[in-house]
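Everything on this sheet refers to the single structure shown next.
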Amino acid sequence: MKRYVLEDKLKSEFSVNRKVFIDQEILEVEREEIFSKCWLFIGHKSELPKNGDFKRKKVGGRNLLFTRGNDGEIRVLYNSCPHRGALVCRENKGNSKVFRCFYHAWSFNNHGELVGMPGRDGFPEDFNCDGSKNLKEVSRLEAFRGFVFVNFDTNAISLEEYLGNAKEYIELVADQSDVGMEILEDPQEYSVRANWKLLAENSVDSYHGMPTHKTYFDIVATRGGELSKDNLQGVGIDLGNGHAVVEYTAPWGRPVARWIPAWGEDGKKEIEETKKMLIEKFGEERAERISSYNRNLLIFPNLIINDIMAITIRTFYPISSDYMEVTGYALARKDESETFRQRRNDNFLEFLGPGGFATPDDNEALELCQEGFENNKEVEWNDISKGMNREQPLSNDEEQMRAFWRRWNELMVENAMGVRI
Amino acid sequence: MNISRQEIEDFLYHEAELLDEWKLEEWAALFSSEGVYLIPPIGNPEANVNHSLFYVNDDRARLDQRAKRLLKKEAHVEYPHSTTLRNIHNVRIVDQDPDGIKARCNFSTYRTKRETLDCFVGVSEYTLVEENEELKIKEKKVILKLDSLRPHGKVSIIL
């Protein structure tokens, strides 16, 4: 059996074979063992505020409809006509009582039930009495604190069991507002010409922060967010099940609720009020954790919730072994003032996203890795050892990536490839 | 302010040339003291910046920083600089009012680096004003006519 992930605790050495980023056969196994069996994020409840709201989503390579029916229930339907297969919905989002396939004009209500078809007399009386001609519904749909997930494996464990220790960190985001959190409209849809696992690593990698994003930190310094020895300090934790987190201090301002001088006295007042609300609700310690600490959270395999200078939610899927599609969302407090929303969004756009001052440099780094992997016949292994020699790895160590690879190895090599390869 | 379409075309060609030649600080200097540079969400050009996720929402200070950053060696995505070519078409004056001249043009901007060519197409909407007897950009809104930033993956250059 070929081994792709090597962990040598004695020598404090952790290696990943570069073939995992370029091999088409490995990608096919990932589609089976990971993207058809793990819980995958489809969206946030706030994306569907009204009955009849829908959004098209591509999750795990499937074309799905994320919908709220007239009965108020959230469902996920396969966007594929049970008759001959065409997409029944072509709008990316909207509100509708009916989805109608234009090919032969079969119509479905927003629960997915077949409600109309031309030439009904050409079908038997009991046609669809078993519901087999309704839009097929994804069988496993579960939510935690507004985050909605799907699983294509009917036998999967429950979402809460799957999330395990990661739940605590999702709650630190969900608890930031009394009235709830909301996703901003118009998520960013972009791509990277690199293997999807490189973005899982990169999204929780604090080690690359200074060398890759120096130009960003230069700009933060002009806002009064000076780098000091207390900044960028924290821990990296393997949360189990492939999930991982880094939790640390940073020089940037946080809309909840860390003030920087650029926000002025008015900003200070509002930050203090928010902090007071958090203390009343959660006590001093938890309020301080929510407001002053940053968290980059990886939910295996491909959900990132980064609660940093703003909150981004990011998912990404492989199209081929060297190309991924990325969706980036912004999450915010429903009840924050317009001024603070603006500060939050300025923070977001300055660092995050394909037009920001940091994300494009990440894309470049990932693409250069992918190009470098062409040497993999002679230069075979990635090193992910940093911090293995410490009892508690730091946030700029690499324990959080090791957590991902340990789980990847269990699912791919021990469960699947051990038999297949 | 009375201005002909040809004068606006000359101004836009000049802007395109500065960008293609990586004279980015000179580009930033084309903006008025209150100038802004925006790339709204694809498909939603009138989006509200507080409720939607833009790609770029630069006030005057940030567009200066954008220009300065891209000239640094540590702006890795653009070091070495990519090669770009900007074409401006269909220039039209939409409105002339006391707030400034509203002009619009189509653009196709090509960027190549590491043997990969990406093409950005869209419409740029300008509000132009006179400041210290010079024509300046008060607002430049870049409306991308794409489905998404795929396969581009980023807008690392100035559009």
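Chain letters run A, B, ... following the sequence lines, proteins first, then strands; residues in each count from 1.
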Open item on the list: Quick check on E182(A) against chain B: is it the side chain, the backbone, both or neither that has a heavy atom closer than 4.5 Å?
Closed with: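 Neither part; nothing is under 4.5 Å.
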Task: Engaged part of D361(A) at the chain B interface, taking heavy atoms whose separation is under 4.5 Å - done: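 Contact with chain B involves both backbone and side-chain atoms of D361(A).
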Indicate yes or no: does [X] engage [Y] in a salt bridge with an N to O separation below 4.0 Å.
X: R62(B); Y: D346(A); value: yes
X: K72(B); Y: D218(A); value: yes
X: E336(A); Y: R344(A); value: yes
X: D20(B); Y: R111(B); value: no
X: E34(B); Y: K136(B); value: no
X: E189(A); Y: K58(A); value: no

Open item on the list: If we ignore hydrogens and angles and just use 3.5 Å, is the side chain of Q65(B) paired with the main-chain N or O of I219(A) as donor and acceptor?
Closed with: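 Flag not set: sc Q65(B) to bb I219(A) has no pair under 3.5 Å.
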TODO: Decide whether R86(B) and T84(B) meet the rule of one side-chain donor and one side-chain acceptor closer than 3.5 Å.
DONE: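 The answer is yes; a qualifying pair exists.
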Task: Modelled atom types, side-chain donor and acceptor of R18(A) and N382(A), under 3.5 Å - done: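 R18(A) vs N382(A): donor-acceptor pair found between side chains.
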- [ ] Check the angle between the aromatic planes of F41(A) and F147(A) and answer parallel, tilted or perpendicular using the 30° and 60° thresholds.
- [x]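 Geometry flag for F147(A) against F41(A): tilted rings.
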Open item on the list: Below 30° counts as parallel, above 60° as perpendicular, anything between as tilted: where do the rings of H208(A) and H213(A) land?
Closed with: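 If you compare the ring of H208(A) with that of H213(A), the planes turn out perpendicular.
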- [ ] Compute the centroid of each ring, for F351(A) and then for Y216(A), and state whether the two points are separated by less than 6.0 Å.
- [x]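 That pair passes the under 6.0 Å test.
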TODO: Report the option among S191(A), A332(A), P360(A) that has the most heavy-atom pairs separated by less than 4.5 Å from atoms of chain B.
DONE: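 If we count pairs closer than 4.5 Å to chain B, S191(A) comes out on top.
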- [ ] Please determine, among V326(A), T359(A), V192(A), the option with the most heavy-atom pairs under 4.5 Å with chain B.
- [x]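 Looking at each of V326(A), T359(A), V192(A) in turn, V326(A) comes out on top.
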Open item on the list: Heavy-atom pairs under 4.5 Å with chain A: which of L70(B), N44(B), V56(B) has the most?
Closed with: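 Of the candidates given, the most pairs with chain A belong to N44(B).
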- [ ] Return the option, out of D147(B), D118(B), I42(B), with the maximum number of heavy-atom pairs under 4.5 Å with chain A.
- [x]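 Maximum pair count with chain A is reached by D118(B).
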TODO: With a 4.5 Å heavy-atom cut-off (strictly below), which parts of residues 304-322 of chain A touch chain B? List them by number.
DONE: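 No residue falls under the 4.5 Å cut-off.
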- [ ] Considering only heavy atoms, give the residues of residues 149-159 of chain B separated from chain A by less than 4.5 Å, sorted numerically, with 'none' for an empty result.
- [x]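 The residues closer than 4.5 Å to chain A, in numerical order, are L149(B), R150(B), P151(B), H152(B), G153(B), K154(B), V155(B), S156(B).
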Part of [X] within contact of chain A (heavy atom distance under 4.5 Å):
X: N50(B); answer: both
X: R114(B); answer: side chain
X: K113(B); answer: side chain

Open item on the list: The test is salt bridge (Lys or Arg N to Asp or Glu O under 4.0 Å); show your working for E78(B) and K73(B) and say whether it passes.
Closed with: CA-CA 8 Å; E78(B) 290 299 336; K73(B) 201 175 167 182; over 6 Å; no
Task: Residues E201(A), K197(A); criterion salt bridge (Lys or Arg N to Asp or Glu O under 4.0 Å); working and verdict - done: CA-CA 6 Å; E201(A) 287 186 340; K197(A) 298 185 287 299; over 6 Å; no
